Amino acid sequence: MTSDSQGFGKGCHLHLIDGSAFIFRAYHALPPLTRKSDGIPIGAVAGFCNMLWKYVSDQNGSDAPTHVAVIFDHSSKTFRNEIYPEYKANRPELPEDLRPQFPLTREATRAFNIACIETEGFEADDIIAALSCKARDAGGAVTIISSDKDLMQLVGQGVNMLDPIKGKEIGPDEVAEKFGVGPDRVVDVQALAGDSVDNVPGAPGIGIKTAALLINEFGDLESLLSRAEEIKQPKRRQTLIDHAEQIRISKRLVQLDCDTPLDFTLESLEVRDPQADALLEFLAQMEFRTLTARVAEKLGAEAPAVVSAPPAETAAAPELPAMGADGYERVSDREALDRWIAEIALAGHVAIDTETTGLDEMQAELVGVSLSIRAGRACYIPVGHVEGDGDLFGATGRVAGQMDASEVLEALKPVLEDPAILKIGQNVKYDWKIFARHGIRMTPIADTMLMSYALNAGTHNHGMDELAERYLGHKCIPIKELIGSGKSQIGFAQVAIDKATPYAAEDAEVTLRLWQHFAPVLHAERVTTVYETLERPMVPVLADMEMAGIRVDGETLKRMSNAFAQKMAQLEDEIHELAGEKFNVGSPKQLGEILFDKMGLAGGKQGKTGAYSTSADVLEDLAAEGHDLPARILDWRQVSKLKSTYTDALQSHVNPETGRVHTSYSIAGAQTGRLASTDPNLQNIPVRSEEGRRIREAFVATPGHRLVSLDYSQIELRILAHVADIPALKQAFRDGIDIHAMTASQMFGVPVEGMDPMIRRQAKAINFGVIYGISGYGLSRNLRIPRSEAQAFINTYFERFPEIRAYMDKTVADAKEAGYVRTLFGRRINTPGINQSGPAAGGARRAAINAPIQGAAADIIRRAMIRMPEAIRDLPARMLLQVHDELVFEVEEGATEELIAAARQVMEVAAEPVVKLAVPLVVDAGIGMNWAEAH
DNA sequence: ACGCTCACG
DNA sequence: GACGTACGTGAGCGTA
């Protein structure tokens, strides 16, 4: 197998293996295997080694290579991103359990004694191109082991390709079959046709067929572009004239670079026999039993013992050490920290948790960091523990034996930013923000809370204590044991380090174990894509939004609050007057007694507590009968709500440093995929009433800026039209007509023109009712009509739109069968209550009907948000808020139109390319100095 | 700690 | 035939 080392030339045969393609193929072809002894993901490495072994075993004929190399991609950013920033922009993020396997695939290649090549800033394709050119120029033959169509331009004159799966050779004929042109014109065709996978734009509306036709007619791309006027088809002609520049850019993107610098010689790629001991040692270390045995037999060597826990007798979880079995280490000096960092680099992953002085990530200070790499072992690095109670007399001082926070952060920064090291957290957005305030953008990340959410939404919540108990059978140390509760509660900084260490280290270890538990389950339950595309990428996006905050004018709120206080006092006087006695207007109990016992109005008892209901609809009914007191109460309640929840509470949320309000979004809070906003909730700022809407005037743009709001129009109804496949509804949305008027017209047989607003209102209520899993009772209450009438409406509706009934029935049946429903994008929402009987069954049924619709809308805006930072990167604009179907931006005043164009585009195509909706998504936009104006 | 009420989509 | 329901949230307040 060894050739003389005279140099690479005639008679030599170079094999170039597309390593990255091998890895992805291996990853997707195999179930998510983990290494028995420690649970790290190893499936892609296993597949990679199998493929490599098969390759090596096959090379023994007369056409065996004299030289061989495996080429890998080094990083995602290459010179092509300089030419076109969007290049490969819509690639999904790497699966988190794949990235840590990358270093191992390099090791594997070396273990096979094959040259392993990667170059910073270049794609594997470019290195393959350069090597092919060089080898061909030297008179040798080249075989590229890959089926990547982007490499087909290299075929010809001694270079061919080999599809490693089909074992099929790809020569000039096969290339011509695929592209309609010879290999030398492949780039021209690709430049025209573009590539949605790599996000090469190409010419809109032109695919490979048309591109080949044009190139064959005009000879080459430049001739085509310079003589575009001669194209007969007017539309095609115009497209090529309009997009000439874009097409030229596309060509530069697809054209592989034969001049890629190489810091090694062809000679160095000479085929070497595998060294049995090195290869077998690696395979045994990976615990690949079958392959180790097979290789040992073939090489005539003795197979080393594969040491790991023997296969479990049942399918139970692998044997793991007990919690903390190998100790929780307190790290107090640089030497110890460096030891951990070295271990992390070796492992390729680390579970991490931060302890801070408070729960508000915008203000909390770092107190300590805990790390865990494997089950049974973790450490805690205290940095901010203090002694004394911090008051004037017991002045606080730093506890001795801690590293400085700055030194720890400086040491951890390379780890936290290392693309080859996965950082695993539980609710990692919290820790991400803490580090971001110290100039560290942590990446890549995994989040056990989000893994659980992707799997278990609808079944249970996803807090660490809950997950630890359910999946690890472990009860976490309650935080209360450290900081107490109520009045005597202390901050984490005041906790003694000896007590903090086991608590904090345990959190990191639990996180690590949860990650190991969930990683294989995500695949098995088919929610990996949801986790990778809809959950994990939200973390940095939301963290940035939350840290940006929105400017709130405290003075305006204060003025409003005073006005509200006056109005409340005035209303209270009137109310007491009408009631004939003084009482607490804010007490439903006292109010109920006044209304129903004392005044004897009609309205029954409700609820288990036996209290009268005094809710708005009860009071509205009474007011409609002409009673003044309930009407005044309603007024008072509105003002009271505005004052307490909005003007007063909001002021307390203005961050003193930034002068802005920083909400926190929970990614895993709602069952359906929606976000939830807390502290404060900025997703329920008043808008429906004139008075309430004025609160939004206090949400202002910073000077020189504007607030811009973009919202999806009728997104849930559009999704309903698509998923239930309702022709009339789809057509109406395509035609852009008033959907509620159309519904009314279909139901009641009246023309849209000059329609009675009442009729339209009823149709609108029915449309919404459908989304919620309509019932006659619910509709009758909403519309305040007799139940029989409401039921008749619903019957008519189902007659006119029979597909809706079919959709609802099918959704419920699916839920009963599977125990969950899925959105268009694969998000899984579990429906544990669906097979119950009794009153609860109705609720579960309606929730199951609603979830795929509400959830798909949530998925779509998530997709838009994830793409948004890149789309507005060059604009002076920031995304600040999300309100389910609305995104709010802050933009420099000169750039509002540009922002709207860019953001609208992202939002309108957000479902693609995964889902091509049968209806358009329409986005409305508004601009203003404040949120009231912009909405 | 829990229920009621009400703000939003 | 009766049961009680519109779907999804979070916050403030009163009450126990």
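Every chain is numbered from 1, with letters handed out A, B, ... down the list of sequences. Just so it is clear, the model here is predicted, and its values are computed rather than measured.
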For DNA chain C, stems built from three or more consecutive Watson-Crick or G-U wobble pairs below 3.5 Å: B:1-9 with C:7-15

Suppose we screen for side chain to side chain donor-acceptor pair (under 3.5 Å). Which residues come up paired with A/R827, at least two apart in sequence or across chains? A/E535, A/D859

Going by atom type alone, with no hydrogens or angles, which donor-acceptor pairs under 3.5 Å involve a side-chain atom of residues 758-766 of chain A and a protein atom two or more places apart or on another chain?
residue	atom	partner	partner atom	Å
A/R760	NE	A/D738	OD1	3.3
A/R760	NE	A/D738	OD2	2.8
A/R760	NH2	A/D738	OD1	3.2
A/R760	NH2	A/D738	OD2	3.3

Go through residues 769-777 of chain A and report each residue with a non-hydrogen atom lying under 4.0 Å from DNA chain C, sorted by number. A/G769, A/Y772, A/I774, A/S775, A/Y777

With sequence neighbours left out, write down each residue that passes side chain to side chain contact (heavy atoms under 4.5 Å, CB included) with A/A857, or none if nothing qualifies. A/I715, A/E716, A/I719

All pairs passing salt bridge (Lys or Arg N to Asp or Glu O under 4.0 Å) where residues 639-655 of chain A contributes a residue, at least two apart: A/K643-A/D648

Ring pair (Phe, Tyr, Trp, His ring centres under 6.0 Å) partners of residues 628-655 of chain A, not counting sequence neighbours, each pair once: none

Can you name the side chain to side chain donor-acceptor pair (under 3.5 Å) partners of A/T831, sequence neighbours left out? none

Taken in chain and number order and not counting sequence neighbours, the residues that satisfy salt bridge (Lys or Arg N to Asp or Glu O under 4.0 Å) with A/E469 are A/K475

Which residues satisfy the side chain to side chain donor-acceptor pair (under 3.5 Å) test with A/S587, sequence neighbours excluded? none

Only counting residues at least two apart or in another chain, list the ones meeting side chain to side chain donor-acceptor pair (under 3.5 Å) with A/Q791. A/N795

Base versus backbone protein contacts along nucleotides 10-16 of chain C [heavy-atom cut-off under 4.0 Å; B, S, -]: BBSSSSS

